[in-house]
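Here is the naming used below: chain letters follow the sequence lines, and residue numbers restart at 1 for every chain.
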Amino acid sequence: MDSAVFTPQAAFTLGELEAKFPPRNLPDGARVTRFGPSPTGFMHIGGLYTSLVSRRVAHQSGGVFYLRIEDTDKKREVEGTVDLIVSSLASYGLSPDEGEIADGQEIGAYGPYRQSARMPIYQSCVRWLLEQGHAYPCFASAEELQALRDEQAKRKVQPGYYGSWAIWRDKTEAEVEAALAAGLPFTVRLRSTGGRDERVTLPDTIRGDLEFPANQTDVVLLKADGMPTYHLAHVVDDHFMRTTDVVRGNEWLASYPMHAQMFALFGWTPPRFAHISPIEKQDSGSRRKLSKRHDPEASVGWYMEAGYPKGAVTEYLLNLIDGRFEDWRVANPGVSHEEFAIELDQMSRSGALFDLAKLDSVSRDVVGAMSAKEIYDAALVWASAHHPDFAVRFAQDAEYSQAILDIERHGERPRKDIVRWEQLPTDIGYFFDDRYAELLGEAQEAFKALQPPAPAGLLTKVAADYDPALDRDQWLEWLRDLGLGFGYAPNAKTFKAAPDQYIGHFGDLAGVLRVVLAARRNTPDLHEMMQVLGKVRVAARLSAAVDW
RNA sequence: GGCCCCUUCGUCCAGUGGUUAGGACGCGGCCCUUUCACGGCUGAAACACGGGUUCGAAUCCCGUAGGGGUCACCA
């Protein structure tokens, strides 16, 4: 029978494909890796993780990292996902060297890079398999397949389409013709060659040699709609795209024998495999994969909304990949994390638990190392997308905004209170007069609750005498002096030594000013804060509070 | 259930026959201090269990247990 019936879109011989997609001309040792997401409406943090590993492995070796869209399941496909994937990768500095770089636009000589556009290639390969007798059409319906599984469950045998359970494996040509004539839908299946006691070895880059029973299942290669399954597409694409290292989740471990068999049948040398463990999450005692349904932090979008700096997410991921990154970071402050080399064979075999506290800590350090300008730029981008009100305020006077961010950021030990941009509106909102007006109620309440209460005349005096030109030491001396006149001890020690002689100490005085100026007790350095607010604002706020 | 993978402080990672089992996050204490952060010092905290091999085991071997993955015309 003419196998073209089952592969109507086949257009090439294997030889033609070999010529069309020749081995890459790369330096010795160069690795070609890829990221192959399915566009199902979501960009998983695990995808970022895998891409980070893959891209680095490729680039460290002078190789190529490409993006391949695995859109062979049109039922699950969600429009707009490709865009999301492309832009997510781009914003974390993980853009591919080949593949889709913008919606519908791709670069590279090994494409197309969307599997749905590669039908002629897959079908050509399957046609060859059919001709060699390594594949056959299967007309079994979903119901028949289910009945098969039920029977297997009843008899307590291995479930699956294999051996004598593979009902269409040995049908006669006449039976196939009849099914075809009846217009029954069909799939094309692999005619498995795996022996009963045969074993195959997977030389995994991360895990070392792993042994499995050889594949015995007549897996589906071409679905009823003519699309390839993952298994076929993986083998064909990674061969013709000349992938040298397949980096993928360890959920694929069990299907390796299937893939190995296909590579062998085609006569192709399989790539190296590195099966990485997914990021997991603690869930009432046990752990499980970070799931798109239950865990918001599984989505890359979550990190964007929270306003984690891009570098923080990357460095956290780097941390999971190799804990020595931390030591490297300490030894190489200011160096781009791009410089840190990843070694596949050093990766952890067990899955890492997602740790928000650790991410926050990494982020604190990353933000701590940024300049006010860098923070301003990144935070403004975030605010424009996620907090328009704040964006307006923040953008109005860029110089003022940056001065706010620069408080305690210019010395040896920068402030590390910012973890994500999301905090900014509440943390520095009081610097802006319109926002401060909204906080007035809170300020008054806190002011009234002050212990000891602010002495009469204090605010007026500070408002009148404050000189922004004073440097830190002069300011301290001035304010201590001034406070002494109102009964505040110059420091806590003095106060403790003679509590009856004072109403409080310098810290209490600073507290009064903080509450009035910022509507809160915890603010950055008061001296710098007042300088940034400026004489006019300071005086206005203090004077207005005299009547509270 | 079959097959496969994994197992060092709560978490992440070091440690590949001889270490007081190390670092980081988190947590506690102390110090610094105008609050909050920062920083410094310090403390509690782990080799899943049982057998071997060995003068000696977190490290090698065999079991057991626990956790995870996979057995689709989803990837």
Check: When every nucleotide of nucleotides 28-35 of chain B is labelled 5' to 3' by its protein contacts under 4.0 Å (heavy atoms), B for base, S for sugar-phosphate only, - for none, what sequence of letters results?
Finding: ------BB
Next item on the list: Report, as a single string ordered 5' to 3', how protein heavy atoms within less than 4.0 Å touch nucleotides 65-75 of chain B: B base, S sugar-phosphate only, - not at all.
Entry: --SSSSSSBBB
Notebook entry, point to check: Can you list the residues that meet the side chain to side chain contact (heavy atoms under 4.5 Å, CB included) rule with A/E326, with sequence neighbours excluded?
Noted result: A/N319, A/K358
Next item on the list: Quick one: list whatever passes side chain to side chain contact (heavy atoms under 4.5 Å, CB included) with A/T50, sequence neighbours left out.
Entry: A/S54, A/V247, A/I276
Checklist line | Integer angstrom distance from the P of B/U42 to that of B/G22 | finding: 13 Å
Next item on the list: Can you tell me, in whole Å, how much space there is between the C1' of B/C47 and that of B/C6?
Entry: 15 Å
Notebook entry, point to check: Does A/K416 have any salt bridge (charged side-chain N to carboxylate O under 4.0 Å, His left out) partners at least two apart in sequence or in another chain, and if so, which?
Noted result: A/D365
Note to self: Show me the pairs that pass salt bridge (charged side-chain N to carboxylate O under 4.0 Å, His left out) and involve residues 342-352 of chain A, at least two apart or across chains.
What the structure shows: none
Next item on the list: Please list all pairs passing the salt bridge (charged side-chain N to carboxylate O under 4.0 Å, His left out) test where one or both residues lie in residues 217-229 of chain A, with sequence neighbours left out.
Entry: A/K74-A/D225, A/R169-A/D218
Please write out the pairs of protein N or O atoms and N or O atoms of nucleotides 19-25 of chain B separated by less than 3.5 Å, giving the distance to one decimal.
residue, atom, partner, partner atom, Å
B/A24, O2', A/E326, OE2, 2.5
B/A24, O2', A/K358, NZ, 2.6
B/C25, O4', A/K358, NZ, 3.2

Next item on the list: Could you pull out all residues at least two apart from A/D465 that satisfy side chain to side chain donor-acceptor pair (under 3.5 Å)?
Entry: A/K461
Margin query: Once side chain to side chain donor-acceptor pair (under 3.5 Å) is applied, do any residues pair with A/R189, and if so which ones, sequence neighbours excluded?
Written below: none
Next item on the list: Give me the one residue out of A/Q261, A/H259, A/M258 that meets side-chain contact (heavy atoms from CB on, under 4.5 Å) with A/V235.
Entry: A/H259
Next item on the list: Check whether the side chains of A/S277 and A/R207 place a donor and an acceptor atom closer than 3.5 Å, and report yes or no.
Entry: yes
Next item on the list: With sequence neighbours left out, write down each residue that passes ring-ring contact (aromatic ring centres under 6.0 Å, His included) with A/F354, or none if nothing qualifies.
Entry: A/Y316
Next item on the list: Give the ring-plane orientation class for A/W478 versus A/Y466, where under 30° counts as parallel, over 60° as perpendicular and anything between as tilted.
Entry: tilted
Check: A/V313 versus A/I45: any side-chain heavy-atom pair under 4.5 Å?
Finding: yes
Check: Which residues, if any, of residues 311-320 of chain A bring a heavy atom under 4.0 Å of RNA chain B?
Finding: A/N319, A/L320
